Amino acid sequence: MISAQQLDALDPQTRQAVQSLLAQVQQRDTELAFKQALIDKLTHEMAILKRMKFAATSERFASTLSPE
């Protein structure tokens with residue numbers, strides 16, 4: 001990352017461009033973190049739903065095989 005001293009040494013136009021790019025990078029990092037959290041949440045929900053679906057099926061199947 002660029003230091004404050006390096007940023008101050010730049011001409012105003014370049015400094016503004018660098019600050020703008022740094023802001024865009026920070027915004028993209030925030031969006032990426034949000035989207036990754038959403039992916040993780042949905043993956044977890046899918047795993048739970050699959051367990052519920054297939055556990056119920058296997059329990060029903062097991063109960064029809066055994067006379068207990």
Side-chain angles (χ1 to χ4, degrees):
M1 187 76 64
I2 191 167
S3 70
Q5 282 181 331
Q6 291 171 329
L7 193 59
D8 289 338
L10 299 174
D11 63 278
Q13 186 178 6
T14 306
R15 184 180 323 130
Q16 186 176 5
V18 169
Q19 287 174 333
S20 174
L21 289 173
L22 289 173
Q24 287 179 7
V25 167
Q26 186 176 11
Q27 181 183 4
R28 297 266 170 94
D29 285 347
T30 303
E31 290 175 11
L32 182 63
F34 174 77
K35 288 178 181 180
Q36 186 59 49
L38 182 61
I39 289 170
D40 293 343
K41 176 183 174 266
L42 293 173
T43 302
H44 179 70
E45 287 178 5
M46 279 183 48
I48 290 172
L49 291 172
K50 283 181 181 180
R51 269 187 246 126
M52 288 173 59
K53 178 182 177 184
F54 293 114
T57 304
S58 62
E59 288 171 8
R60 247 183 308 177
F61 181 69
S63 67
T64 59
L65 290 180
S66 63
E68 300 171 354

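The model shown is predicted, which means the values in this text are computed figures rather than measured ones. Position 1 is the first residue of the sequence; numbering continues from there. All heavy atoms count here, side chains included; hydrogens, waters and symmetry mates do not.
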Inset, instruction - Go through the structure and list residues passing side-chain hydrogen bond (donor to acceptor under 3.5 Å, both in side chains) with Lys50, not counting sequence neighbours. - result: none
Legend entry - Residue pair Thr43 / Met46, side-chain heavy-atom distance below 4.5 Å: no
Inset, instruction - Give a yes or no on whether Leu21 and Leu10 share a hydrophobic cluster (residues Ile, Leu, Val, Met, Phe, Trp, Tyr; joining criterion: side-chain heavy atoms under 4.5 Å apart). - result: no
Under 3.5 Å, side-chain donor or acceptor atoms of residues 25-39 against the rest of the protein: list the pairs with distances, not counting sequence neighbours.
| unit_1 | atom_1 | unit_2 | atom_2 | d |
| --- | --- | --- | --- | --- |
| Gln27 | NE2 | Glu31 | OE2 | 3.4 |
| Thr30 | OG1 | Gln26 | O | 3.0 |
| Gln36 | NE2 | Asp40 | OD1 | 3.0 |

Inset, instruction - Mind jotting down which residue pairs meet the side chain to side chain donor-acceptor pair (under 3.5 Å) criterion with at least one end in residues 14-23? Sequence neighbours excluded, please. - result: Asp11-Thr14
Legend entry - Which residues share a side chain to side chain contact (heavy atoms under 4.5 Å, CB included) with Ile48, sequence neighbours left out: His44, Arg51, Met52
Inset, instruction - Taking side-chain hydrogen bond (donor to acceptor under 3.5 Å, both in side chains) as the test, write out the residues that go with Gln24, two or more places apart. - result: none
